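The next block holds one structure in the form of structure tokens; read it before the comments.
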Amino acid sequence: MTLSIATWNINGVRARLDTFMTWLRQASPDIVCLQEIKTVDAGFPSEPVEALGYNVALHGQKGFNGVAVLSKLPLEDVSRGLPLGEDEVDEQSRFLEAVVSVQGGVLRIASLYLPNGNPIGTDKFAYKLAFMERLRRWAEERLKFEEPLLIAGDFNVIPHPIDAKNPQVWSHDALFQPESRAAFAALEHLGLTDALRASTDAGGIYTFWDYQAGAWQKDHGIRIDHVLLSPEAADRLEGATVEKHVRGWEKPSDHVPVIVRLGLET
DNA sequence: ATGCCGGGTGGAACCCGA
């Protein structure tokens, strides 16, 4: 059978409730990773989501950030936040890890909201790069398990010029800095596969269009929402698609969902 | 060089995003 896993930066789940529920009913993925829910756990619309058959795991935050994993399969293990070093504190809710059972083992899922990092040259950019290094170290440890693993979310990185309509516009932006792109490449060098790029080398595929300056109307987009796969997941990849049409709906998020399909028995 | 738009908080004007 095929398991479908989606990721979507929803830009405020409460402001997006109608759009979100409409999409969830239509697309009906087995697993959904959400970012920027922008609410504490108690503010998440768990009841209507559970009514559609989903289990809900949350790592919320007041006003900003916040990630979630929804799953039609039971969530057996949930862990909030990336590991921290000695004396390190991270008050930002940007990472949520969960495990579901599949035939012969488990499927491990991480919902990720990587820091934007703008403007460059500030502590925000340093925080982004430090966060990416923490993610790299975590992924390195998890890959030792040799199990199907997905890191799905808003990476806030434009990996290559082909992933932007106008790459030169982003040359001074944290999303397209050499350091940001190198840190993304370092994740791939661990053995992780960019699911969309494993499916196609076509240009013009974007997941974000700014609300401002008519970016959507001009198709001035960037591809910054990604799904990275461990070798055991990549071997089962059946396809990856971007739900572009959702950007044209009423009250859209500025991001659209990305869906990957894996051949896995449950 | 900055704002554009939109969500959040808190109850106006400001922070934040990408």
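All values derive from a computational prediction rather than experimental measurement. Numbers restart at 1 for each chain; the letters A, B, ... are given by sequence-line order, proteins then strands.
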What is the distance from CH2 of A/Trp209 to C1' of B/dG6, rounded to the nearest Å?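 Going from A/Trp209 (CH2) to B/dG6 (C1'), I get 17 Å.
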Problem - Value rounded to 0.5 Å, distance of CD1 in A/Ile224 from CD1 in A/Ile158 - result: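 Separation between the atoms: 7.0 Å.
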Ring pair (Phe, Tyr, Trp, His ring centres under 6.0 Å) filter on A/His226, not counting sequence neighbours, yields A/Phe155, A/Phe184
If a pair satisfies salt bridge (Lys or Arg N to Asp or Glu O under 4.0 Å) and one of its residues is in [range], list it, with sequence neighbours excluded.
{"range": "residues 102-116 of chain A", "answer": "A/Glu97-A/Arg108, A/Arg108-A/Glu147"}
{"range": "residues 232-241 of chain A", "answer": "none"}
{"range": "residues 192-213 of chain A", "answer": "A/Asp163-A/Arg197, A/Asp194-A/Arg223"}

Taking the [atom1] atom in each of [N] and [M], what is the distance between them to the nearest angstrom?
{"N": "B/dA18", "M": "B/dC4", "atom1": "C1'", "value": "13 Å"}
{"N": "B/dG3", "M": "B/dC14", "atom1": "C1'", "value": "15 Å"}
{"N": "B/dA13", "M": "B/dT2", "atom1": "P", "value": "23 Å"}
{"N": "B/dG10", "M": "B/dC16", "atom1": "C1'", "value": "16 Å"}

Quick tally for nucleotides 11-18 of chain B: nucleotides whose base has a protein heavy atom under 4.0 Å get B, sugar-phosphate-only ones S, the rest -, giving -----SSB
The side-chain hydrogen bond (donor to acceptor under 3.5 Å, both in side chains) partners of A/Arg247 (sequence neighbours excluded) come to none
| Closest-nucleotide ordering on DNA chain B, the 5'-leading residue of A/Ala213 and A/Arg14 |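 So the residue in question is A/Ala213.
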